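Data block below; observations after.
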Amino acid sequence: MASGVEKRLMRSRQKILAAAEQVFLRSGFPGATMDEVAATAGISKQTVYAHFGSKETLFIQVVESITGGASSTLEQHVGESVQDRPAEAFLLDFAQEQLAVVLTPG
């Protein structure tokens with residue numbers, strides 16, 4: 001079971017990721033700043049850096065959190081679908097499904 005400190009760290013991390021997602025989607029990677037992420041999350045810039053170390057690392061974590069469900073969905077569909085139809089058709093349909101998931105705001 002997670003301690004109070006671990007829970008607080010996880011909440012901070014989730015707040016940062018949610019804020020960073022908003023900032024990156026609004027400003028793009030070049031226009032986003034760690035100051036803006038911190039302000040959006042309502043925490044200090046030091047805390048953002050303590051959790052992620054750099055804007056690049058934070059961006060990667062945001063992308064992984066947004067697309068994380070895509071890989072698990074692929075694993076579920078691969079076994080059942082590839083056997084039923086040509087791989088090209090499966091991959092095209094799956095790619096379109098994943099784009100819809102990734103581009104739909106959370």
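Everything quoted here is computed from the prediction, not taken from an experiment.
Results of the side-chain contact (heavy atoms from CB on, under 4.5 Å) test with Val48 over Met34, Lys15, Arg13 single out Met34 as the only residue that passes.
The CG atom of Leu92 lies 4.5 Å from the CD atom of Gln96; values are rounded to the nearest 0.5 Å.
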side-chain contact (heavy atoms from CB on, under 4.5 Å), that's the test. Do Val62 and Gln22 meet it? Break it down for me. CA-CA 10 Å; Val62 168; Gln22 291 176 22; over 6 Å; no
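Without hydrogens or angle criteria, Ser12 side chain to Arg8 main chain gives a donor-acceptor distance under 3.5 Å. Between the Gln14 side chain and the Arg11 main chain, no donor and acceptor come within less than 3.5 Å of each other.
Counting non-hydrogen atoms of neighbouring residues, nucleotides and ligands closer than 6.0 angstrom, the CD atom of Gln46 reaches no more than 12 such neighbours.
Leu58 and Met10 are assigned to two separate hydrophobic clusters, defined by single-linkage of ILVMFWY side chains at heavy-atom distances under 4.5 Å. Phe52 and Val63 fall within the same hydrophobic cluster, defined by Ile, Leu, Val, Met, Phe, Trp and Tyr side-chain heavy atoms under 4.5 Å apart, directly or through other members. In this structure, Leu9 is not a member of the same hydrophobic cluster as Leu17, with clusters built from ILVMFWY side-chain heavy atoms closer than 4.5 Å. Both Phe29 and Val37 are part of a single hydrophobic cluster, where members link through side-chain heavy atoms under 4.5 Å apart.
Contact annotation: the side chain of Glu36 never approaches that of Phe24 to less than 4.5 Å [non-hydrogen atoms, C-beta and beyond].
Across all non-hydrogen atoms, the minimal contact from Ser44 to Ala38 is C-CB, 3.8 Å. The two residues Ala32 and Ser27 make their nearest non-hydrogen contact at N-CB, 3.8 Å.
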